[in-house]
Amino acid sequence: MKRKLLSILILCSLAFTLVSCEKASYKIGIFLYDESDTFISSFSEEITTRLSDSYDISIYDAKKSQSIQNKQIIEMLENEKPSVILVNIVDRLSSLALIQKANKYNTPIIFFNREPVSSSSIDNKNIYYVGTNPVQEGINQGIMAEKLMNNPKNINKLIDKNNDNKLQCVFIQGESTHQDAERRTYSCIRYLQNMGYDLDILAMENADWNRSKGEKTMENIYTTYGNKIEFVFSNNDDMALGAIDYLANNNLLQASASKVLTPFPIVGVDGTKNGLSYIERKLLYGTTINDTAKQVSAIELVIQLINKQTTRDAVNDKFNFYKDSNYIYISGSAITVD
Ligand code: GAL
Ligand code: CA
């Protein structure tokens with residue numbers, strides 16, 4: 001009996017040292033493009049809570065500078081020999097140079113949220129991408145508008161204020177070089193056109209995901225088009241909130257009996273804390289969750305795959321690699337005032 005207890009104790013302490021050894025030896029560098037970006041800061045929190053127990057992680061903020069990020073990555077590759085690096089690249093066009101660097105050190109890269117631009121990356125088995133599904137998010141925005149408009153042949157008059165059976169709309173876009181901005185806008189437009197709606201796009205302006213730039217953009221657009229605007233599609237919640245800031249600061253928000261309180265409905269993407277509270281207050285009509293929990297789960301699984309603790313089939317069972325690539329796109333759920 002005594003001996004049994006002793007051997008259990010020995011086994012436990014052995015298991016304990018094994019686990020802690022593994023944590024110390026599995027070093028992961030995480031490189032953010034800009035921690036002041038609302039969505040990225042919540043992504044970083046999620047990564048820290050989920051990965052820091054099992055891995056030795058270090059997080060770096062490039063503050064929107066690719067040269068700072070290059071330095072941070074090279075320093076880590078040289079001095080700390082990480083087992084894998086997670087890269088939220090500042091400038092997507094720099095991905096090829098980065099891939100070549102990491103290959104020299106035999107270090108796998110998981111890009112996340114900002115997709116690498118490089119034709120060779122897809123074939124490289126040491127390179128992965130995990131991000132949201134911007135096509136689905138654009139379609140969700142289209143569906144939100146569709147629900148409010150009802151019939152393409154006879155659009156709801158609360159929306160179609162000038163009664164021309166066309167939707168006079170505005171797109172506030174993220175960074176011009178960001179895959180999510182481009183795909184959200186494009187898939188939203190294509191969805192609505194496929195459903196038979198006639199779109200009259202009054203303006204399309206970039207506000208770089210940023211709330212105060214969103215406010216400035218709304219000012220430009222509103223001073224030109226005013227009440228001709230019937231719908232605002234924003235590529236993210238922060239810019240949508242900036243647009244609402246402009247309306248609120250200029251007494252343009254109208255209370256009405258309908259479920260949409262602004263002079264026109266505004267929709268975003270991300271489901272940030274603030275975004276959701278604006279939906280509750282019926283200032284923002286809807287959003288789609290940019291699902292950090294699921295994206296981090298996918299990243300975790302890819303780390304295990306790189307580590308040979310799981311198989312490609314097992315990853316595919318849960319998240320599906322896109323076609324034959326190493327890319328995973330995660331869909332989130334849509335939320336509206338309803
Ligand atoms: C998008 C997100 C934006 C912004 C951007 C940064 O997916 O919707 O709010 O955080 O990523 O790369
Ligand atoms: Ca109209």
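In each ligand, atom 1 is the first atom listed, and ligand 1 is the first ligand listed. Source: prediction; values computed, not measured.
- Contacts of R184 with ligand 1, taken as heavy-atom pairs under 4.0 Å, involve the side chain alone.
- Remark: R183 engages E115 in a salt bridge, criterion side-chain N to carboxylate O under 4.0 Å.
- Residue contacts to the Ca ion (ligand 2): I155 brings no N, O or S atom closer than 3.0 Å.
- Ligand-side atoms of ligand 1 in range of F39: 2 (C), 9 (O), 10 (O), range being under 4.0 angstrom from any heavy atom.
- For the pair OD1 of D164 and OE1 of E230, the angle whose vertex sits at the Ca ion (ligand 2) is 160° to 10 degrees.
- Taking 3.0 Å as the criterion, N162 counts as a coordinating residue of the Ca ion (ligand 2), since one of its N, O or S atoms falls below it.
- Residue D160 approaches the Ca ion (ligand 2) most closely through its N/O/S atom OD1.
- Ring geometry for F171 versus F233: interplanar angle under 30°, hence parallel rather than tilted (30 to 60°).
- Remark: ligand 1 atoms within the under-4.0 Å shell around heavy atoms of N290 are 2 (C), 7 (O), 8 (O).
- At least one heavy atom of Y33 sits less than 4.0 Å from an atom of ligand 1.
- For atom 8 (O) of ligand 1, the choice among N236, D270, T288, L32 with the nearest heavy atom turns out to be D270.
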D200 vs K166, test: salt bridge (charged side-chain N to carboxylate O under 4.0 Å, His left out). Steps then yes/no. CA-CA 6 Å; D200 181 4; K166 290 182 187 160; 5.7 Å; no
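- For a distance bound of 3.0 Å, the N, O or S atoms of D200 include none lying that close to the Ca ion (ligand 2).
- Between N235 and ligand 1, not a single N/O pair is under 3.5 Å apart.
- Nearest non-hydrogen protein atom to atom 7 (O) of ligand 1 is D180 OD2, 2.7 Å.
- Residue Q168: an N/O/S atom is found under 3.0 Å from the Ca ion (ligand 2).
- What sits closest to atom 11 (O) of ligand 1 on the protein, heavy atoms only, is N113 ND2, 2.9 Å.
- Of the protein's non-hydrogen atoms, D37 OD2, 3.4 Å is the one closest to atom 4 (C) of ligand 1.
- Q295 and N290 share a side-chain donor-acceptor pair at under 3.5 Å.
- Looking at K157 and N154, their side chains do bring a donor and an acceptor atom within 3.5 Å of each other.
- The ring of Y129 has its center no closer than 6.0 angstrom to the ring center of F111.
- Heavy atoms of Q295 stay at 4.0 angstrom or farther from ligand 1.
- At under 3.5 Å, not a single nitrogen or oxygen of W209, backbone or side chain, sits near a nitrogen or oxygen of ligand 1.
- Looking at K161 and E230, no side-chain N of the basic residue comes within less than 4.0 Å of a carboxylate O on the acidic one, giving no salt bridge.
- In Y322, the OH atom is not crowded: 12 or fewer heavy atoms of neighbouring residues, nucleotides or ligands sit closer than 6.0 Å.
- One finds a salt bridge joining R114 and E175 here, because a Lys/Arg side-chain nitrogen approaches an Asp/Glu carboxylate oxygen to under 4.0 Å.
- When D245, D238, D37 are each tested for a salt bridge (charged side-chain N to carboxylate O under 4.0 Å, His left out) with R211, only one passes: D245.
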